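Here the structure is a predicted model, which means the values were calculated and not measured.
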Amino acid sequence: MKKIYILTMLVLVLFASCEKVVDINLPSAPPKLVIDAAFEVFFNSSPVTANTDVKLSLSTDFFNDSIPKVTNATVFVTDLTNNTIINFADNNLDGNYQPTTTFIPEDDINYELTVIYENETYKSTTTKTKSAPITDIKQGDKTLFTGTETEIEVRFTDNADVENFYLFDFTDTNFLAIEDRFFNGTDYRFSYFFNEDEIELPTNLTIKMSGITKEYFTYFRVLIDQSGQDGGGPFETIPSTLLGNIINTTNDDNFPLGYFHISESDTFTVDLVNKN
């Protein structure tokens, strides 16, 4: 009986110790400038249109829900073939800089992005990456594990002449980056599944397909892994120091976060049938 009593007291002490609250002081890093300059040229629309917004913000601590917007920067893009400058302005003071004149990035042109913020200059250069048009998108009837998933069947023809990488935006918070390693030059089809228990789908779902570089493919895969698929999009937060292709030409130590990229993009809208 004595041994049982001692064992019981020991178990009680262990459970009591598990209830102790431990405060962990996470390190706080100085904020970094975050530059989201992922341009999209919708080549399959008539007339051709483009999304060429540059979004500027500051990185924050991990548990900070508020993302500071940068509204006092100078932003412009230079066409390096003729040194033509396209100026950008943040008219709404929301950190979203838009070109002051119509700007549709062209093929085979080197474009240089320049951002000047707090007396430091950030630069990056890129060209437009080609894509393939979407052939067809429709709702399927297959499911995966729970039986409540909605299947979206995607079809497009890959270009056999080059190594291709693609980024699919199924909604603002659901992305898929793929490469053509196993389907180069083919009429490719695949299925994407939405879990209806986790997301409420609209009646009309617009899906976007963009051509991206191998470097941006690698960058975006890591970005998705870090930020997840349910936080308002991968560019809403930067959980850790993920370096892109933008450099600080004034101060190497104060490097920015983010990426400058120009994609050919295509969209397709599919009418969804409620399975319930």
Once rounded to the nearest 0.5 Å, what's the spacing between atom [atom1] of [X] and atom [atom2] of [Y]?
| X | Y | atom1 | atom2 | answer |
| --- | --- | --- | --- | --- |
| D90 | Y97 | CG | OH | 5.0 Å |
| Q139 | T150 | CD | OG1 | 5.5 Å |
| E153 | F190 | CD | CZ | 11.0 Å |
| N184 | D161 | CG | CG | 8.5 Å |
| E179 | T218 | CD | OG1 | 8.0 Å |
| Y259 | T213 | OH | OG1 | 4.5 Å |

Step-by-step side-chain contact (heavy atoms from CB on, under 4.5 Å) determination, T250 to N119: CA-CA 8 Å; T250 307; N119 298 319; over 6 Å; no

Please name the pair of heavy atoms, one in [X] and one in [Y], separated by the smallest distance, quoted to 0.1 Å.
| X | Y | answer |
| --- | --- | --- |
| L243 | P256 | CD2-O, 4.2 Å |
| V77 | L113 | CG2-CD1, 3.9 Å |
| E264 | S131 | OE1-N, 3.0 Å |
| A89 | T100 | CB-CG2, 3.9 Å |
| S57 | I67 | CB-CG2, 3.8 Å |

Quiz: residues 38-50 side-chain donor-acceptor pairs under 3.5 angstrom, not counting sequence neighbours:
| residue | atom | partner | partner atom | Å |
| --- | --- | --- | --- | --- |
| E40 | OE1 | N51 | ND2 | 3.2 |
| E40 | OE1 | K208 | NZ | 3.2 |
| E40 | OE2 | K208 | NZ | 2.6 |
| S45 | OG | F42 | O | 2.7 |
| S45 | OG | P47 | O | 3.0 |
| S45 | OG | T49 | N | 3.4 |

Do [X] and [Y] meet the criterion of a side-chain donor-acceptor pair at a distance under 3.5 Å?
| X | Y | result |
| --- | --- | --- |
| N96 | D53 | yes |
| E120 | N254 | yes |
| T269 | T206 | yes |

Steps toward side-chain contact (heavy atoms from CB on, under 4.5 Å) verdict (F194, L205): CA-CA 12 Å; F194 288 96; L205 180 65; 3.7 Å; yes

Honestly curious: do [X] and [Y] fall in one hydrophobic cluster under the side-chain, below-4.5 Å linking rule?
| X | Y | answer |
| --- | --- | --- |
| V75 | L93 | no |
| F193 | F145 | yes |
| I199 | Y192 | yes |
| F76 | V115 | no |
| Y219 | V222 | yes |

Donor-acceptor contact present, side-chain T81 to main-chain I109, <3.5 Å: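 Here the side-chain-to-backbone pair does not exist.
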
Residues L257, S59; criterion side-chain contact (heavy atoms from CB on, under 4.5 Å); working and verdict: CA-CA 8 Å; L257 306 177; S59 63; 4.2 Å; yes

Carboxylate-amine/guanidinium proximity below 4.0 Å for R189 and D136: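 Salt bridge absent between R189 and D136.
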
Neighbour count above 12 (heavy atom, 6.0 Å) for N204 CG: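 Counting other residues, nucleotides and ligands, CG of N204 exceeds 12 neighbours.
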
Centroid-centroid distance, Y166 to Y188, less than 6.0 Å: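 They do not qualify: ring centres at least 6.0 Å apart.
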
CA sep, side-chain torsions, deciding dist, call: E151, T143, side-chain contact (heavy atoms from CB on, under 4.5 Å): CA-CA 7 Å; E151 180 191 22; T143 59; over 6 Å; no

